[in-house]
Protein chains: 2
Amino acid sequence: MRDTAAVGCSVREIRSLVVELNKRMDAHQRGRSAEFDLTPTQAKALEELGQPKTARELAAVLCCEPPNVTYVMDKLEKRGLVVREPHPQDRRAKRLVLTDAGRELRLELLRRIGSDSPLDHMSHEERVVLRDQLARALDGA
Amino acid sequence: MRDTAAVGCSVREIRSLVVELNKRMDAHQRGRSAEFDLTPTQAKALEELGQPKTARELAAVLCCEPPNVTYVMDKLEKRGLVVREPHPQDRRAKRLVLTDAGRELRLELLRRIGSDSPLDHMSHEERVVLRDQLARALDGA
DNA sequence: TATTGTTATACTCTATAACTATA
DNA sequence: TATAGTTATAGAGTATAACAATA
């Protein structure tokens, strides 16, 4: 008998589930960010700036090009959440550092995001299984 | 003792795994589509037109607005992959139907997409677990 | 000569509004 | 009057190219 791996569990089915879950988490993230008048990218940048970074480092974690970092930073700086400091070792570069207001907003944001999520109905055990299986799926580089 | 559900299995961790897997599947889909000079949306439209649909029906499955369907269909029609036929029951609507070339390309595309995937390294059992857990995650509407 | 961040610019994708032809 | 599809248009979001300052 041939392998019937696809029956009732096709790659296509899993893909649509992943896409759907991704969409739902994205919507959740977007909603929480909007509560603080932040776009999802701005919120992500704020999260990542728990430690100061150069523009290029931030571009790397945000998976975008440097001009977009400038774009995002302009808005966050205008709101007084972050400042561009000269980099101590490299005068070409800049250290992106949160202000006191930025640090505070970041913590509020993290608290808010952690306060509820699309996975709240799952038990700890279920989440562990989900995490392990997602990690397994990502094993095949 | 407090619930330590978050320890080592935070929602944030799962989210990043979902985002990453989604990204990988998206890249795979994009790559396969590009082999046929199709954008991912064009490929999705082609897939969905296994059965003829009206523009609104296609918009629904593609999760987009009708003008985008016009946009996509213009390109597919120009390539001779699909035609807009008058709808038999409703003269306002149009039946979007694949041409012979469209049907053929659709089958090639499906074969190509099915021939390999980012989940090929997983066993049937692992995929079943992943699918069930993803479905469980989506349970909480 | 290479790299950092910025500016200017363009492209893609998607959405809204106005239009036409039907219903 | 409501709906199907189209057109025109605008808005995010992201990318590339050219530039000045610095390595």
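Residue numbers start from 1 in every chain, and the chains themselves are labelled A, B, ... in the order their sequence lines are given, proteins ahead of strands.
Counted within 6.0 Å of CD on Glu104(B), heavy atoms from surrounding residues, nucleotides or ligands total 12 or fewer; the atom is thus considered open. More than 12 heavy atoms of other residues, nucleotides or ligands shown are found within 6.0 angstrom of CZ on Arg79(A).
No salt bridge links Glu47(B) with Arg106(B); every basic N to acidic carboxylate O contact stays at or beyond 4.0 Å. By the 4.0 Å N-to-carboxylate-O rule, Arg136(B) lies close enough to Glu126(A) to be salt-bridged with it. Salt-bridge formation is not detected for the pair Glu85(B)/Lys94(B): no Lys NZ or Arg NE/NH1/NH2 atom is positioned less than 4.0 Å from an Asp or Glu carboxylate oxygen.
For the side chain to side chain contact (heavy atoms under 4.5 Å, CB included) with Leu49(A), the lone residue among Val61(A), Val97(A), Val82(A) that qualifies is Val82(A).
Running 5' to 3' along DNA chain D, contacts with non-hydrogen atoms of chain A at under 4.0 Å begin and end at dT14(D) to dA23(D).
Between Arg95(A) and Pro88(A) the shortest side-chain heavy-atom distance falls below 4.5 Å. Looking at Arg91(B) and Pro86(B), their side chains never come closer than 4.5 Å, going by heavy atoms from C-beta outward.
Between Arg84(A) and dT6(C) there is a side-chain N or O to OP1 or OP2 distance below 4.0 Å.
The residue among Thr39(A) and Arg56(B) whose nearest nucleotide of DNA chain D is located toward the 5' end is Arg56(B).
If you check residues 65-77 of chain A against DNA chain D, the residues with a heavy atom closer than 4.0 Å are Glu65(A), Pro67(A), Asn68(A), listed by number.
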